[in-house]
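Contents: one structure, followed by commentary.
Every heavy atom of this structure was used, including side-chain atoms; hydrogens, water molecules and symmetry mates were not. Computed from a predicted structure; not experimentally measured. Order of the sequence lines fixes the chain letters, A, B, ..., with proteins taken first and strands second; residue numbering starts at 1 for each chain.
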Protein chains: 2
Amino acid sequence: MLKDLPRYECLLEAAREFPDLDPTAAEAYLHLLRTADDVFAISDAQLAAHGISHGRFGVLMLLWRTSAPRTGDVPITQGPCGPRTPAELADAAGVTRATMTGLVDTLERDGFVVREPDPSDRRMLLVRLTRKGENFLARFLPIHFRYAREVMGALSEAERKTLVRLLGKVQQQTARHPLSRSAPVAKSA
Amino acid sequence: MLKDLPRYECLLEAAREFPDLDPTAAEAYLHLLRTADDVFAISDAQLAAHGISHGRFGVLMLLWRTSAPRTGDVPITQGPCGPRTPAELADAAGVTRATMTGLVDTLERDGFVVREPDPSDRRMLLVRLTRKGENFLARFLPIHFRYAREVMGALSEAERKTLVRLLGKVQQQTARHPLSRSAPVAKSA
DNA sequence: AGAAATTCGTTAGGAAGCTAACTTTCAGCT
DNA sequence: AGCTGAAAGTTAGCTTCCTAACGAATTTCT
């Protein structure tokens, strides 16, 4: 990611040579990527300070509340309140199953989750948050939420709404793109 | 990056348990990261289709116009119109010098840039775009600009301006953060 | 019932980023 | 002049992601 964005005048100048270059579009495009990268980098640093990566944190979030509402040692099978198998987790997190194997590996090594065999299908596993994993989230989530509140504190409620609306439009546009992950081109039968 | 964002009602519900959780802040935060990731992923796929990575593309962009205005074989040393040494490139691209070594390695292997010794300081090198590198940019940049125009086509000119303004506020907020890359905490003397 | 196709989780190998340590070269002091 | 410190570029090793291929288990189709 480029650290220093080209200034708007430079875009105007380059637009004379490239008819496809729309200065305001390029400006918005670059600002979007740059800002998100800044926000992301700080979050990443916070997570790293707590010894966890973004990928692993995402998995914990997906498992969150999967086991929390149960007080006793009731098996995981009750209540479909979140993804549980590695394949479901991979799909929800937007990574490959192979990557999820590695994420769950380290989470299990650190004691945040456990793998259990699925009683009904011996191909599958069930990933469950341990007490230690829950405790970690209970400790870390306030930090995370505080950060989100802090970074968005620059915006009023109305501005946040506007931002979400505009981002939603952009996101819809990406979903229409042929190279989009959410709308990959289906092969013709 | 999580593929499916939590719905707003879920945030409201979780906010009852976590006083630090500001629902509208979390919503804007998640949308920002998610949208930028979608936009980025498509751009990445476009670059990959042309056999180049985002990191390498960034380097080419930094070198762009460094050599273009010269018609003959005038040496690079004339005109300070862009970063040239690996260290400058690394700083401008926001990566480490070690990473820049790898990026320039592959760019040089593919014939897009060349390394030349700096005549005035034998520690340094000068990285220069080759004709092949220029040709690649001339071919690819229109695609890239078209994509930026397309993805931002969902927004009116006024909306783009608003988006840039709101993102600017968020970015300023991140710059103030202690873990920010742009404002790392200086050790007290 | 049994062959074929699919799905599961995993392994192996690659790309791109990082940090830490290194060599070479230069700049600043005495 | 000569030592010390800093900077340039590189290397080595780590992390996290990916794709491709695999064996085991299940489902589907005759």
task = Take atom CE of B/M100 and atom P of C/dT19, then tell me their distance rounded to the nearest Å.
result = 14 Å
task = Starting at atom CG of B/D110, determine the distance to atom P of C/dA16, rounded to an integer number of angstrom.
result = 10 Å
Spacing of A/F57 atom CZ relative to D/dT15 atom P, expressed in whole Å = 21 Å
task = Under 4.0 Å between any heavy atoms, over every strand shown, what does B/S53 touch: base, sugar-phosphate, or nothing? Just pick one.
result = sugar-phosphate
Sidechain-backbone polar pair: A/E159 side chain, A/S156 backbone, donor-acceptor under 3.5 Å = yes
query = Between C/dA15 atom C1' and B/L107 atom CG, what is the distance in whole Å?
reply = 14 Å
key: Whole-Å gap separating C1' (D/dG9) and CD (B/E108)   = 13 Å
inquiry  = Tell me the interatomic distance from A/L103, atom CG, to D/dT15, atom C1', rounded to whole angstroms.
reply    = 11 Å
inquiry  = Closest approach to the side chain of B/A98, judged atom by atom: which nucleotide of C/dA20, C/dT11, D/dG9 is it?
reply    = C/dA20
remark   = From NE2 of B/H54 across to C1' of D/dC18 the rounded distance in Å is 17 Å
remark   = Assign each of A/R123 and A/T101 the nucleotide of DNA chain C bearing its closest heavy atom; nearer the 5' end lies the nucleotide of A/R123
inquiry  = Is the phosphate of C/dC26 approached by B/R122 (side-chain N or O, under 4.0 Å from OP1 or OP2)?
reply    = yes
query = At under 4.0 Å, does any side-chain N or O of B/R97 touch on OP1 or OP2 of C/dC18?
reply = no
task = Report the nucleotide, chosen from D/dA20, D/dG9, C/dG9, that has the shortest atom-to-atom distance to any side-chain atom of B/L125.
result = D/dG9
A/F18-B/H144 aromatic ring centre distance below 6.0 Å = no
B/T35 side chain to B/H31 backbone, donor-acceptor under 3.5 Å = yes
inquiry  = I want to verify a distance call: between C/dG9, C/dT10, D/dA12, whose nearest atom is closest to the A/M124 side chain?
reply    = C/dG9
query = Between B/D121 and A/D121, which is nearer to the 5' end of DNA chain D once each is assigned its nearest nucleotide?
reply = B/D121
request  = Could you tell me the separation between the CD1 atom of B/I52 and the C1' atom of C/dA15, rounded to a whole number of Å?
outcome  = 14 Å
note = The answer to which of A/T96 and B/G102 contacts DNA chain D further toward the 5' end, by nearest nucleotide, is B/G102
query = Quick one: are B/W64 and B/L60 in side-chain contact, heavy atoms under 4.5 Å?
reply = no
message = Is B/T99 close enough to C/dA16 that one of its side-chain N or O atoms is under 4.0 Å from OP1 or OP2 there?
response = no
ask   = In terms of ring plane angle, is the pair A/F57 and A/H54 parallel, tilted or perpendicular, where the classes change at 30° and 60°?
value = perpendicular
ask   = Side chain of B/R56: nearest nucleotide among C/dG9, D/dT10, C/dA16?
value = C/dA16
